[in-house]
Amino acid sequence: MRCQCLVDFGEALRADEREPLVPNGTEVIVRIVAAGVCHSDLHIHEGGFDLGRGKRLSYKERGLKLPLILGHEPVGVIEAMGPGAGKLDTNCNYIVYPWTGCGECQHCSIGNEHYCAKPRAMGVHIDGAYATHMRVPHPRYLFDIGSIEPAHAAPLACSGLTAYSALKKVESTLKKTPVVIIGAGGLGLMAVQLAIAMGGLAPIVVDIDPKKRTAALAAGACAAIDSAADDAVAQIHAAAGTPPDAAIDFVGAEATAELGFNAVERAGTLVIVGLYGGAAPWALPLIPIKAINIRGTYTGSLNEFRELMAIAAQGIIPPLPTTTYPLEEAQAVLDRLKQGEVVGRAVLIP
Ligand SMILES: [Zn+2]
Ligand SMILES: [Zn+2]
């Protein structure tokens with residue numbers, strides 16, 4: 001098999017040729033047909049992210065082992081199955097739920113493997129999809145994508161799931177006031193489409209980049225506001241007709257978290273998704289005075305992924321602008337993502 005391998009944090013990915021994968025037990029070997037490139041791949045590639053106040057989260061200190069094949073948005077076909085994998089249709093394209101855990105702890109036992117303290121996420125802790133082939137521990141992580149184009153389906157495994165899980169956390173507000181989506185990158189655009197597919201009002205999008213604001217309007221946003229504007233909060237309230245009940249920060253920078261905090265109604269909810277980095281920007285007394293709920297979300301559960309794929313199967317999530325690249329250009333794609341030059345999603349095709 002061929003792969004693009006992270007050998008050292010911050011160094012260019014290396015093209016490797018390896019022995020073919022052999023499945024054991026319940027494992028399934030998937031031949032990759034599309035691998036989405038996610039913003040969090042950049043963080044892993046760089047070895048961590050800024051925690052603010054001079055601190056940094058280091059993947060090395062957290063025990064992430066290299067070499068590692070990145071890629072946690074895989075779509076592929078079944079190439080081989082272990083003796084315990086059961087019967088599987090080898091004619092379909094499957095998307096892989098990559099957020100696997102130890103399978104035994106209190107989180108894993110109730111289906112929240114993405115909260116596991118001993119995570120085994122594909123493309124993050126164990127080898128992922130920047131390759132011709134990938135090992136999947138169990139067929140329960142495979143979902144038939146039906147007639148969806150593999151390159152359009154791939155981003156559902158991370159950006160789609162993350163956006164869906166974030167929206168689920170404010171689901172009761174979606175029909176009442178437009179949700180504010182901060183950051184119109186791949187996740188933000190996906191959230192716009194999903195909020196509408198979930199029966200919500202058309203969201204309000206906030207981004208500094210005019211190209212991304214245009215993309216957000218095309219994706220169905222009711223308004224796209226420049227976050228750099230002095231009156232951004234007033235513009236959000238005007239677009240919603242009232243201070244909205246919920247905002248989702250897909251950037252996770254100090255400025256965006258502050259904007260989201262200021263934009264929502266009292267007793268509203270700010271969900272933080274992005275890992276841009278920094279420290280909390282709010283004055284502590286304002287949190288009780290505003291009675292705001294500030295909550296985090298990280299990827300999503302296997303059950304949420306099942307729900308998301310059922311929505312996707314109805315064909316009501318229009319494909320995002322997607323650009324495909326050969327597997328060998330993985331590093332160049334990461335570089336473009338870092339420069340903010342990717343509108344929509346980038347997908348590698350082995
Ligand atoms: Zn991701
Ligand atoms: Zn676990």
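Counting starts at 1 for both ligands and their atoms, following the listed order.
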Nearest-0.5 Å distance, CG of residue L66 to NZ of residue K60:
8.0 Å
NE2/H39 to CZ/R345 distance, rounded to the nearest 0.5 angstrom?
9.5 Å
So Y115 and H107, would you call those rings parallel, tilted or perpendicular, with 30° and 60° as cut-offs?
perpendicular
Provide the tally of protein N/O/S atoms nearer than 2.8 Å to the Zn ion (ligand 2).
4
Please work out whether the ring planes of F305 and F143 are parallel, tilted or perpendicular, with thresholds of 30° and 60°.
perpendicular
Which residues pass the side chain to side chain contact (heavy atoms under 4.5 Å, CB included) test with D144, not counting sequence neighbours?
C92, Y94
Are side-chain heavy atoms of T132 and I32 found at a separation under 4.5 Å?
no
Metal-centred angle, the Zn ion (ligand 1) as apex - SG of C38, NE2 of H72, 10° resolution:
110°
Within rounding of 10°, what is the angle whose vertex is the Zn ion (ligand 1) and whose arms end at OG of S40 and SG of C158?
140°
Measure up the Y97 and Y141 rings against each other and bin them: parallel (under 30°), tilted (30 to 60°), perpendicular (over 60°).
parallel
